[in-house]
Structure formats: C-alpha cells, structure tokens
Number of protein chains: 4
Amino acid sequence: MTHPATVGNVEVIDRSVSRKAADTGTRIRDAAVRLFAARGYAATGIREIADDAGVTTAALYHHMGSKQDLLLTIMRDAMHELIAGARSAVADASGPAEELAGLARAHVTYNGENLIDAYVGDAEIRSLDHSNRARIVKLRDSYEQLWAEVIAQGVVSGDFQIGEQKLFRLAAIQMCNGITYWYTPAGPTSLAAIADELAGFALAMAGCRHGLASPVRAQTGPGEGS
Amino acid sequence: MTHPATVGNVEVIDRSVSRKAADTGTRIRDAAVRLFAARGYAATGIREIADDAGVTTAALYHHMGSKQDLLLTIMRDAMHELIAGARSAVADASGPAEELAGLARAHVTYNGENLIDAYVGDAEIRSLDHSNRARIVKLRDSYEQLWAEVIAQGVVSGDFQIGEQKLFRLAAIQMCNGITYWYTPAGPTSLAAIADELAGFALAMAGCRHGLASPVRAQTGPGEGS
Amino acid sequence: MTHPATVGNVEVIDRSVSRKAADTGTRIRDAAVRLFAARGYAATGIREIADDAGVTTAALYHHMGSKQDLLLTIMRDAMHELIAGARSAVADASGPAEELAGLARAHVTYNGENLIDAYVGDAEIRSLDHSNRARIVKLRDSYEQLWAEVIAQGVVSGDFQIGEQKLFRLAAIQMCNGITYWYTPAGPTSLAAIADELAGFALAMAGCRHGLASPVRAQTGPGEGS
Amino acid sequence: MTHPATVGNVEVIDRSVSRKAADTGTRIRDAAVRLFAARGYAATGIREIADDAGVTTAALYHHMGSKQDLLLTIMRDAMHELIAGARSAVADASGPAEELAGLARAHVTYNGENLIDAYVGDAEIRSLDHSNRARIVKLRDSYEQLWAEVIAQGVVSGDFQIGEQKLFRLAAIQMCNGITYWYTPAGPTSLAAIADELAGFALAMAGCRHGLASPVRAQTGPGEGS
DNA sequence: AATGAATGAGGCTTCATTCAT
DNA sequence: AATGAATGAAGCCTCATTCAT
C-alpha cells in the first residue's frame with residue numbers, strides 16, 4: 001500500500017502528492033522505517049513510532065498490527081521493489097556485461113533512493129520471527145537468483161572470468177549494498193554517478209572492465225567524473 | 001570464540017588451558033559477544049548474558065560494568081585487532097598492489113576468524129552511546145586511513161586506476177566486510193582462499209589485476225590450501 | 001444452544017427455522033454464552049464475541065449494549081427458566097416427596113439441557129456489577145424459596161427427617177447443580193435417568209428414600225430409557 | 001513453601017507465628033488467593049495482587065513468577081492438602097461406611113478451613129494453561145480415585161446400595177464441595193457439625209444411613225444439634 | 001442497521017541497575 | 001568475590017467503549 005505498482009517518475013509525483021495528506025497507515029509505516037533505521041528494531045519503542053506518526057499506540061495497532069507486522073511489511077515491500085527493479089534492469093539490457101552492470105546500477109539506485117528502507121531490509125532480518133524470516137529469506141533468495149543467472153551466463157559465454165561464482169555474487173552484491181551505510185543525497189557525487197562507478201567495479205571484478213563498448217551510462221551529470 | 005592474541009595452532013593450546021579456569025570476565029565477555037551477534041545488542045538482556053556466562057547479574061556488574069561498557073569493550077578490542085592486523089599486513093608488503101591485497105586479506109582473515117566479534121563491531125555502532133560511539137568512530141577512521149594512504153600512493157604511483165578514491169575505499173572495504181554475513185568455517189572454501197579471491201577483486205577494482213608479479217596468495221600457511 | 005421456550009422435539013424444529021435467519025441479537029447472545037462458558041466472563045473479549053457472532057463490535061453494542069448487559073441478559077433468562085421449571089414441577093406433584101423429587105429433576109433437566117447457560121449462571125455471579133448482582137441474587141433467592149417451602153412442608157408432615165433445613169437445601173441443590181460440570185449428552189446415561197437418580201439421592205438425604213409409592217422416574221418420556 | 005508438610009494443629013500454630021513476619025513469597029501468595037477467590041483469576045490484575053501484598057510488581061515476579069505460576073502453585077498446594085487429608089481419613093477408618101464418611105468429612109473440613117484456596121481450586125481450573133491444567137487434572141483424578149475405591153469396596157461388601165458408582169461419586173463430592181460457596185466461620189453451625197451432617201447425607205445417598213453403629217462424630221459442640 | 005476509526009486506560013511482563021549483606 | 005532482593009521505568013499489546021459517517 002505504500003509502494004506503487006509501477007516504479008518510475010510517476011511514483012515520485014504520487015509520493016509528493018500523498019505526503020500532503022498521507023493516510024494514517026502510511027504515516028505509521030514511514031515513522032517506523034525511519035526509527036528502525038535510526039535506532040534498530042529492538043531499540044525502537046512502539047510508543048516512539050506512534051508519537052512520531054502522531055497517533056496513539058492503539059490506533060497504530062488498529063491500522064498496522066504489531067511491531068513485528070510493521071517490520072514484515074517494510075521488508076517485504078523493500079524486497080518486492082528491489083526485485084522489480086532488478087527484473088526490469090535485466091530486461092532492458094542485452095548481453096551478460098550489460099545485464100550485470102544493470103543489476104548493480106539497479107541495486108545501488110534502489111538503495112540510494114530508499115536509503116532507510118534498504119538499510120532496514122538489510123540489517124533487521126534477524127529481528128524477524130521464525131516464519132516471517134523464512135518469507136523474507138525466500139524473497140532474498142529469488143533476488144540473488146537473478147544475479148546468479150546473469151553471472152552463470154556470462155561465464156558460459158566467456159564474457160566473465162570468474163572463479164567461484166557464489167563468492168563473486170556475494171562480494172558484488174555486498175559491495176553495491178554498501179552504499180546504504182554511507183550515501184547521502186547531499187554528497188558531492190550524484191547517485192547515478194555512484195551507480196555507474198560501482199557497476200564498473202562489478203565488471204572489473206568479473207574480469208571484463210572493457211566489456212562494454214559504450215560508457216556504462218550516459219546520463220552522468222557534469223562535474224561528477226572521476 | 002575469544003579472539004586470541006595470536007592465531008594459529010597456539011590458539012588451540014591457549015584455549016584448552018584457559019578452558020580449565022576461564023576467568024569470569026572472559027566468560028562474561030564471550031557470552032556477550034555471542035548473544036549480541038545472535039540477537040543484537042538491544043534485544044539481548046543482561047540476564048541472558050549472565051545466565052549464559054554462568055554468573056549472577058550482580059557478578060556481571062561487578063566484573064564488567066554495564067551492558068554499554070561490555071559493548072564498548074568488545075568493539076574496542078575488535079577495532080584494535082583489526083588495525084593491528086592491517087598495520088602488520090602493510091608492513092609485510094612492498095608496493096601499492098601488494099599493500100592493497102594485504103589489507104584486503106587481513107580484513108577478510110580477521111573477520112573470518114572472529115566472525116561474531118567482527119559482526120558486532122560492524123552492526124552495533126548505533127548501539128553505542130554518544131561518547132562511546134565517538135571513540136569507536138575515531139578508531140574506525142584511523143583504520144580507514146590505512147586504506148586511504150595505500151590507495152593514494154597507488155594512484156600517485158600509477159599502479160591504480162581509480163576515480164573517486166573515497167568511493168573506491170568504501171566499496172572495497174564493504175566488499176571485504178561482507179564475509180561476516182555468510183562465511184562459515186564449515187564451508188567448502190578455506191578462509192585463506194576466500195581472502196585471496198577477495199584481494200584479487202580489490203585489485204581488479206583498482207584496475208591492476210595483473211599488477212602482482214607473483215600470485216596473490218603466496219603467503220598462505222601450510223595446511224590451509226583450498 | 002439457545003434455550004427454547006419449550007423443550008423437546010419442538011425445539012429441534014424451532015432451531016432449524018431460526019437457523020435460517022437467526023436474528024443478530026440472538027447470534028450475539030449465543031456467541032456470548034458459549035464464550036463466557038468456555039473462558040469465563042472476564043477472560044472473554046467483546047471482540048471475540050463479535051467475531052464469533054459475525055458482527056462488528058459496533059453492531060454488538062447497537063444490538064445488545066455492553067458486555068455487562070449481555071451477562072445480565074443471559075443470567076436473567078437462565079434464572080427465569082429455572083424458576084419456571086421448578087414452579088411447574090411443584091405444580092405437577094402431590095406431596096412433599098414428589099415435590100422434592102420434582103424440584104431435583106427439574107433442576108437437573110434444565111441444567112443438562114442448557115449446559116452453558118446454567119454454567120454461566122452458576123459461575124459468573126461475581127462478574128455482575130453491584131446492582132445487577134442484586135437483581136440476580138434476588139431471583140436466585142426466590143428460586144431457593146421454592147425448595148425451602150417444599151422442605152419445610154415435608155418436615156412438618158413428617159415425610160422428611162431433616163436436621164438443619166438450610167443445610168439440607170444447600171447440599172441438595174449443590175448436588176443437583178453438579179451436573180453442569182460433568183454432564184455431556186454424549187455420555188452413556190440419559191439425562192432423564194440421571195435426573196431420576198439424583199432425585200433419589202435427594203430423597204435419601206431427606207430420609208425418605210422409600211417415601212414414593214411409585215418409582216421416581218415414572219414420567220420419563222418415550223425413547224429416553226437409560 | 002506455604003503449606004506445611006504435616007497438617008493438623010501444629011499447622012495452625014505455625015501459621016499464626018509466621019503471619020507476624022510472613023516472608024514476601026507468602027504474602028504474595030496469600031494476596032493472590034484472596035483476590036482470585038474474590039474476583040476470579042482473569043479479573044484480578046497483577047498490580048492488585050502486588051498492592052495487596054505490599055510489594056512492587058517487579059518484586060512479585062522476582063519471587064513468584066508469572067500470574068499463571070501463582071495460580072498453579074495455589075492449585076497444586078490445595079490439591080496436595082486435599083489428597084493428604086483424604087488419605088489420612090481413609091487410613092483412620094475401618095469399613096466402607098466409616099471410610100466414606102471420613103472422606104466426606106475430610107473434604108468438608110479442608111474446604112471449610114481453607115475456604116478461598118478450595119474455592120479457587122474449584123473455580124479456576126479453566127484458567128490454567130494447557131500443560132498446567134493437565135497437571136492439576138491428574139491430581140484431581142487421583143483424588144477422585146480415593147473415593148472410587150471406597151465406593152467400589154462398599155458396593156462389593158454390600159454396605160452400599162449404589163446404582164451407577166461414577167454418578168454417585170460425582171454427586172457426593174459435589175455436595176461436599178458446596179460448602180465452599182456458602183460456609184462462613186461466623187455462622188451458627190460449627191464446621192465439624194456441618195461435616196458430620198454432610199457425611200450423613202453421603203451415607204444416606206449410599207443407602208446405608210444406619211450403617212454406622214455409633215454417631216458419625218462425637219466432637220460435635222454443644223448447641224449445634226439439628 | 002451498520003461500520004471503520006479512534007482512544008485512554010490498563011493488561012502482563014521484563015528491563016538494566018543498585019545495594020545491603 | 002559474590003548474591004538475593006528490590007525497584008522505577010518501560011516493554012508490547014488489548015481492553016471495552018464511543019462516535020461520525
């Protein structure tokens with residue numbers, strides 16, 4: 001109910017519109033992500049969330065269920081968006097190198113544009129209870145599967161020089177993920193530029209830095225080159 | 001899973017000795033790291049730690065001070081060891097490429113051999129109170145400074161082809177750090193092999209995969225082959 | 001398990017009719033008795049009742065008033081039926097022995113046929129608020145008065161050999177009441193047979209086991225043999 | 001820790017002594033029984049118990065565990081005492097009639113002397129959680145088994161004229177149990193006299209009112225005759 | 001006749017910590 | 001060096017009820 005079915009520019013508009021009169025559920029969810037990201041799930045009180053959202057704790061439960069429910073909702077939404085972005089990136093690319101670069105850029109972009117959701121999604125898996133964790137892990141596995149397929153194809157085609165594919169995959173994703181821990185929109189480098197840079201790193205790690213005929217991405221803003 | 005001062009066979013001996021009468025402080029510290037890693041700082045109760053260590057909560061306070069003190073101790077120790085390892089790796093290497101590879105391997109090795117300490121050190125910075133966090137961040141900065149210097153030298157010397165040095169540093173460290181989240185000693189690949197692989201990735205990211213005359217992992221000790 | 005105005009075969013018919021479109025009030029009341037009997041008044045939530053009845057809590061309030069109102073309704077109905085049954089039993093009998101046996105049988109029969117209503121009526125007096133409790137206690141007193149009169153007459157007539165009449169009354173009613181705690185229609189003995197047996201116990205306690213010319217249970221209806 | 005190993009006059013003395021400086025655990029337990037009896041388990045707040053016992057809720061948990069633990073302790077103690085009393089009553093008697101009378105008197109006596117414990121033990125079985133309920137039901141079954149054996153022997157020996165033994169047992173116990181609902185030490189009749197009277201009822205129900213050569217109990221106080 | 005939203009009060013329980021012994 | 005007792009604050013959550021629609 002928070003993330004729109006289609007991601008893109010439209011979303012941004014919708015968000016800015018709905019923010020003006022965000023419904024209670026959304027206000028609660030937003031407050032929760034913010035606080036979970038700032039303090040951690042366990043260290044965040046339900047009353048803090050309620051206060052932050054401007055509702056009573058009882059209203060919070062009326063709308064969103066338990067604290068655990070809130071976490072599940074947040075993480076599930078995040079995974080769904082991440083996966084959708086990755087699918088779309090692969091679809092838009094042709095050839096293993098472009099696909100890998102696309103996956104890296106999509107990951108970085110999603111994380112950069114949804115910093116706190118991504119951070120929570122990354123850091124709070126252990127805070128999910130047994131069955132909820134299973135659900136999220138399943139989603140995460142299906143996300144990683146997208147990477148695994150691209151990597152395997154690149155190895156088969158000879159585009160990539162990779163030893164252990166799993167090791168490569170984990171290292172590459174982890175590298176892209178790192179943005180969550182230090183990126184800020186206020187920084188000097190645009191998100192798109194960072195995404196390109198990290199995509200370049202991923203290709204280098206795969207042994208095909210020069211595999212892309214054209215620069216990875218054309219839209220890099222002025223003054224953000226290396 | 002105490003982190004011994006020296007790693008290797010000696011460690012085992014130390015362990016069997018210390019097991020006979022592991023002092024109370026150590027038992028408490030070990031229990032705390034284990035639980036902080038498993039559940040997170042905020043979600044771990046002081047009584048759980050005490051129970052796990054086989055002491056009363058009162059004894060815990062007597063020996064180790066508050067829960068926050070425990071966390072600080074753990075994180076400070078971890079940072080000190082990490083820094084010591086990095087310093088020693090740089091000292092043993094000659095030339096930017098070897099140094100960078102050494103840093104990567106040292107990071108991976110420390111994290112792999114002290115999984116839970118490394119994980120806590122990574123995940124619980126936000127659980128430190130204001131002044132403690134400042135202390136640890138200062139240590140972390142001095143650690144990153146080691147990387148920064150190596151990177152800068154490599155760029156100056158022309159060994160590395162790196163755009164934004166800070167971005168590279170964060171991405172590389174993050175990649176190495178990832179091992180914390182998935183490595184298990186029971187896995188098929190030895191820690192040394194993983195360390196070499198990731199060091200190779202780092203060099204590739206720096207644009208000098210072929211910069212090392214000899215194979216990256218020449219220093220691998222006996223009995224640790226992949 | 002609504003208590004029908006008349007018990008017997010007619011009841012079944014009434015049920016099948018009312019089932020088709022049991023009115024909301026009845027559905028709520030039925031759900032309430034069921035849950036009060038199963039968990040107790042205090043342990044039953046108004047939302048559980050509403051859910052069980054298939055209505056919203058708001059609708060519940062609209063139809064039946066508060067939780068306390070529901071309890072009062074249930075208990076008052078139960079007392080009224082119990083009293084009506086006792087009156088009719090006394091009217092149909094002649095002589096103290098028959099009357100006492102009739103009271104016992106009526107009590108057992110009502111409780112057996114309306115297990116949960118009877119149980120709630122018995123167990124939840126303390127859950128009534130001050131003024132409601134007064135109302136129900138008044139009804140209960142008037143019910144016990146019926147027993148008191150029969151007992152007194154039997155003592156005067158010499159049919160009964162009873163020491164303390166109050167003690168006897170309480171013991172006898174309590175004994176009959178016990179059925180609430182263990183009777184189940186699925187058991188091997190018919191309710192009528194149980195009622196006869198307990199009526200016999202009451203007479204024995206009154207010192208006139210042999211005071212009835214004919215067997216106690218002459219009135220047993222067809223098809224209800226033990 | 002509340003009920004003494006041996007019941008009897010000594011107990012009364014111990015109680016009065018310990019009451020002067022009752023330890024915290026006992027104070028809590030006593031407050032709990034009192035409130036559970038007065039309002040019911042579900043309707044009693046943990047804070048009410050703590051206030052009544054003069055401790056904080058945290059101290060209550062320190063000493064007695066959860067509300068459910070408190071209930072289990074109370075019920076288990078009550079069952080143990082009841083069973084001990086019944087065993088001792090049977091041991092002191094000779095012949096089915098005396099044994100049955102003894103069981104009845106013991107039951108009435110225990111309930112009369114421990115009104116609130118007995119009441120709670122009777123009324124709150126449904127408030128026990130699954131596993132605790134199983135424990136108490138097991139104890140209750142072993143208690144009823146004592147009655148069952150005496151009854152069976154009396155039937156075999158010809159002392160008792162009883163149809164369905166189980167029905168008789170339930171009715172008799174229920175009758176004795178009733179005292180819980182109306183007895184008060186301030187009443188005109190002594191507990192011993194009531195116990196004798198109810199024991200006489202039980203024998204009458206068993207069809208052997210005159211089976212005892214001597215009066216059921218000699219100690220009946222003056223002025224308490226029928 | 002019906003309902004979704006809202007709420008203040010309170011439910012039970014655990015928290016990290018202190019202190020007298 | 002060690003501990004049992006104690007506590008104020010806070011933990012998450014549910015309560016019965018009302019009310020605008």
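First the proteins, then the strands, lettered A, B, ... as listed; each starts at 1. Computed from a predicted structure; not experimentally measured.
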| request: Would you sketch DNA chain F in dot-bracket for me? Only Watson-Crick or G-U wobble pairs with both distances under 3.5 Å count, crossing pairs as [ ], other-strand pairs as |, the rest as dots. | output: .||||||||||||||||||||
[X] [atom1] to [N] [atom2], straight-line distance once rounded to whole Å:
X	N	atom1	atom2	value
Leu60(C)	dG4(E)	CG	P	14 Å
Arg39(B)	dT14(E)	CZ	C1'	14 Å
Asp129(B)	dA16(E)	CG	P	15 Å
Leu70(A)	dG11(F)	CG	P	16 Å
Leu35(A)	dG11(F)	CG	P	12 Å
Leu71(A)	dC12(F)	CG	P	13 Å
Ile49(D)	dT13(E)	CD1	P	10 Å

| field | 5'-most by nearest nucleotide on DNA chain E - Glu48(B) or Gly45(D) | value | Gly45(D)
| said: Looking at Asp117(A) and Arg29(A), is any side-chain nitrogen of the basic one under 4.0 Å from a carboxylate oxygen of the acidic one? | reply: yes
| query | Taking 4.0 angstrom as the limit, do Lys67(C) and Glu48(C) come out as a salt bridge? | reply | no
Protein and nucleotides 17-21 of chain E: nitrogen or oxygen contacts under 3.5 angstrom:
{"residue": "dT17(E)", "atom": "OP2", "partner": "Tyr61(B)", "partner atom": "OH", "Å": "2.3"}
{"residue": "dT17(E)", "atom": "OP2", "partner": "Lys67(B)", "partner atom": "N", "Å": "3.1"}
{"residue": "dT17(E)", "atom": "O5'", "partner": "Tyr61(B)", "partner atom": "OH", "Å": "2.9"}

Could you tell me whether a side-chain N or O of [X] sits under 3.5 Å from a main-chain N or O of [Y], the two making a donor and an acceptor?
X	Y	value
Arg76(B)	Ile136(B)	no
Arg27(C)	Ala53(C)	yes
Tyr41(C)	Ala123(C)	no
Gln68(D)	Ser127(D)	yes

| message | For a quick test of reading the model: is some side-chain N or O of His62(B) closer than 4.0 Å to OP1 or OP2 of dA2(F)? | response | no
| said: Is there a side-chain contact between Thr24(A) and the phosphate of dA6(E), meaning an N or O under 4.0 Å from OP1 or OP2? | reply: yes
| request: List the steps and the verdict of side-chain contact (heavy atoms from CB on, under 4.5 Å) for Glu124(B) and Ile74(B). | output: CA-CA 10 Å; Glu124(B) 298 295 356; Ile74(B) 290 166; over 6 Å; no
| message | Are Leu70(A) and Leu60(A) packed together at the side-chain level, in the sense that at least one heavy-atom pair is separated by less than 4.5 angstrom? | response | yes
| task | Could I get the full list of side chain to side chain donor-acceptor pair (under 3.5 Å) partners for Thr73(C), not counting sequence neighbours? | result | none
| Given DNA chain F, 5'-ward residue of the pair His63(D) and Tyr41(A), judged by closest heavy atom | His63(D)
| field | Residue whose closest nucleotide on DNA chain F lies nearer the 5' end, Thr44(A) versus Thr56(B) | value | Thr56(B)
